[in-house]
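Working notes, structure below.
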Amino acid sequence: MIIKKDRMGALLGTLAQHKTVFVPALIDGVSKFAPYREGLDVRFDLHNTKLPPKDLLFPQTQKMYRYGETAEGGHYVEQFDESSERVLFGVRPCDMRSINLLDDVFLTKGFVDEFYEAQRKKLLTVCITCAAPAETCFCESMGLSPNEAPDADILLKSCEDCYKVTAQTQKGEAALADWRDFLEDTQAQVLPGKTSLRLNFEGVPQKLSRMYEDPIWDEISTKCLNCGTCTFVCPTCYCFDISQENKMKEGVRFRCWDSCMFSEYTAMAGWHNPRPTKKERVRNRFMHKLCFFEERYGKTLCVGCGRCVECCPVALDITRLIDDIGASDA
Amino acid sequence: MPKITVQHGCAKAQLALVPKVAKVIKITVETPDVKSFRLQMPNGEASFLGEPGQFGIMGIIGSGECVFVISAQGEDWIEFTVKRVGQVTEMLHALSEGDEVFVRGPYGNWWPYEDCRGRDMLFIAGGIGLPPVRSFLQYCLEHRADYGRIDLVYSGSTYDELVFKHQLFDEWKTVDNMGVHVSLYHEDSRWDGEVAYTAPYLEKLAIDPMGSNGEGRVAVICGGPSLYRTGTKELLKEGYAPENVLTTLEMRMKCGIGKCGRCNIGGKFICLDGPVFSLEEVAQMNRDE
Ligand code: SF4
Ligand code: FES
């Protein structure tokens, strides 16, 4: 089955009648996933959106519960459920993998995050393979392929002027019913993508676990501004803070993205801070991505999307770090 | 000698992020800046019960939350012991009996009280480190026959800083085969007991690491960073096996359920894998202190 590229607009129009369909779009010069509507500058030709799609599942600010006083003088708590039927359409393999990693964080290890789970169940994922990865893409070095996305419900393989359509899950299979009018039973030549940026990731997690006290952390952290940009644009960074806003006798408790790059992040009552300088923070960020997460979940928390490489104002480049460590004999 | 094994990541999913409302049914003033808060839900039940060493998160309705070990519990209540150190604890201290708070939990792992059966026990705490230690000690006392000799070494910098004085100086004095050793770091007009830091006091007490039955005494130690450093060093010097020394690790926490990401020490999340670890395990961690 294929869908012609010039039929995509019509397909989106149809799908958007029943669900909110998030597509890569250019909005005020920044590319990100936005709800499809007529006139939106939809861009399936971008390698990757500037901002990752994580906020669909894990909003930058998420209301958790409302509370206040009851007539009897006690208090009530009322949980929010703002989840809705959503389609993530046109996500790339690296970002698809990032959702698999967020699933591990929020849905496993004893506790299920009720807010993430509610939205995750209502999300359909449609992934487009990358025929032409960007210069900063290194997904292949992180064990992914630009041509596959095993976790996507529906996979669209990029061809010259069409996409080859495959349902990969039951959910995807069922969803294809709505696509029928737009699909054609024709063969097409898939354009395979290849990343040009190649890193030697072999053995890096093991080496890192022995490099906690290595001088490399002093060296690379010197130029970091602790601005948090890297964690903000990262599709797998998931740290959050919890806070509240009150109005009269009522209030809302919400969570919002936080960053391990901020000094306040680990400061304890009494102002003891186990990660007082940027050296400890930079080290924790990279170790978490490339080593700690592996110890805990058996996976690497970097998908090779290249966003932090592109956005860091001081070019603190994770690919250089990986290469340096890969080449070292730690 | 059977090995003591600390279980990790064993908290059973209960309240994740949304708290329950609970009433403060009793406040005990422990010291000038420490109070214990006994909580119960408005329907008369406990919000939850925990295993010895597990913690809960208590919050001011309309403000922040903080993490506290469940310092005591009954059938229909739980209690947290709170030192006034920051904004939220300041507000907690301003509460009166009958006020309501938010509470969620229980989180974290617990003291390996089953593996410790049959052993002699040495409990060591400094200042506000006693509540977590007491959660284990209390369990041993409730199952007195299952444990051997029990010693408690507790110190504070001033007389005022000592918590649970009633138990220290009355209740526990009468327990069979138990020694209570209290010291102050500094002279105090109200104090005619031992004046010593914890490590030298331990050295002086020379409590045999093998225990009376030769099985290896289990030491449990909680306190500030310097007590932890000097105390554990002393224990190892005296010949305690690192796997027989148990402690709790501390990091800043927000979620308590292993999601928000801030409490990690290396690959371990203290809120979920901890807070209880053996010294043997701590030694294998890459730590920011
Ligand atoms: S984006 Fe660069 S400068 Fe900013 S916190 Fe990350 S590594 Fe540091
Ligand atoms: S407190 Fe959130 S992960 Fe431990």
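Hydrogens, waters and symmetry mates are skipped; everything else that's a heavy atom, side chains included, is used. Proteins get letters first, then strands, A, B, ... in listed order; numbering begins at 1 in each.
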Review point. What's the spacing between B:Lys254 NZ and A:Asp241 CG if we round to 0.5 Å?
Key: 4.0 Å
Review point. Heavy atoms, side chains only, cut-off 4.5 Å: are B:Phe269 and A:Lys109 in contact?
Key: no
Check your understanding: Is A:Lys63 atom NZ crowded by more than 12 heavy atoms from other residues, nucleotides or ligands, each under 6.0 Å away?
Key -> no
Practice item. Select, from B:Lys259, B:Lys268, B:Met253, the one with the greatest count of heavy-atom pairs under 4.5 Å involving chain A. Key: B:Lys259
Study note, to complete from the structure: From the list B:Pro42, B:Cys66, B:Pro19, the residue making the most non-hydrogen contacts under 4.5 Å with chain A is B:Pro19
Check your understanding: For chain A, which of B:Cys255, B:Ser63, B:Ala16 has the most heavy-atom pairs under 4.5 Å?
Key -> B:Ser63
**Study point:** Under 3.5 Å: donor-acceptor pair, side chain of A:Arg255, backbone of B:Cys260
**Key:** no
Point to revise | Residue pair B:Ile257, A:Val112: steps toward the side chain to side chain contact (heavy atoms under 4.5 Å, CB included) verdict | key: CA-CA 9 Å; B:Ile257 58 170; A:Val112 170; over 6 Å; no
Study note, to complete from the structure: The reported gap from CZ in A:Arg253 to CZ in B:Phe102 (rounded to nearest 0.5 angstrom) is 8.0 Å
Study note, to complete from the structure: CZ of A:Phe111 to CG of B:Leu272, rounded to nearest 0.5 Å, is 6.5 Å
Check your understanding: How many angstroms lie between CG in A:Asn284 and CG in B:Asn264, if you round to the nearest 0.5 Å?
Key -> 4.5 Å
Practice item. Under 4.5 Å heavy-atom distance to chain B, tell me which part of A:Tyr238 shows up: side chain, backbone, both or neither. Key: both
Practice item. Report the distance from atom SG of A:Cys260 to atom CZ of B:Arg262, rounding to the nearest 0.5 Å. Key: 10.0 Å
Point to revise | A:Glu114 side chain reached by B:Val18 side chain, heavy atoms, under 4.5 Å | key: yes
Exercise for review: Would you indicate whether A:Gln79, at its atom CD, is surrounded by more than 12 heavy atoms from other residues, nucleotides or ligands within a distance under 6.0 Å?
Suggested key: yes
Revision key, fill the gap. CD1 (B:Ile61) and OH (A:Tyr76) are apart, to the nearest 0.5 Å, by 11.0 Å
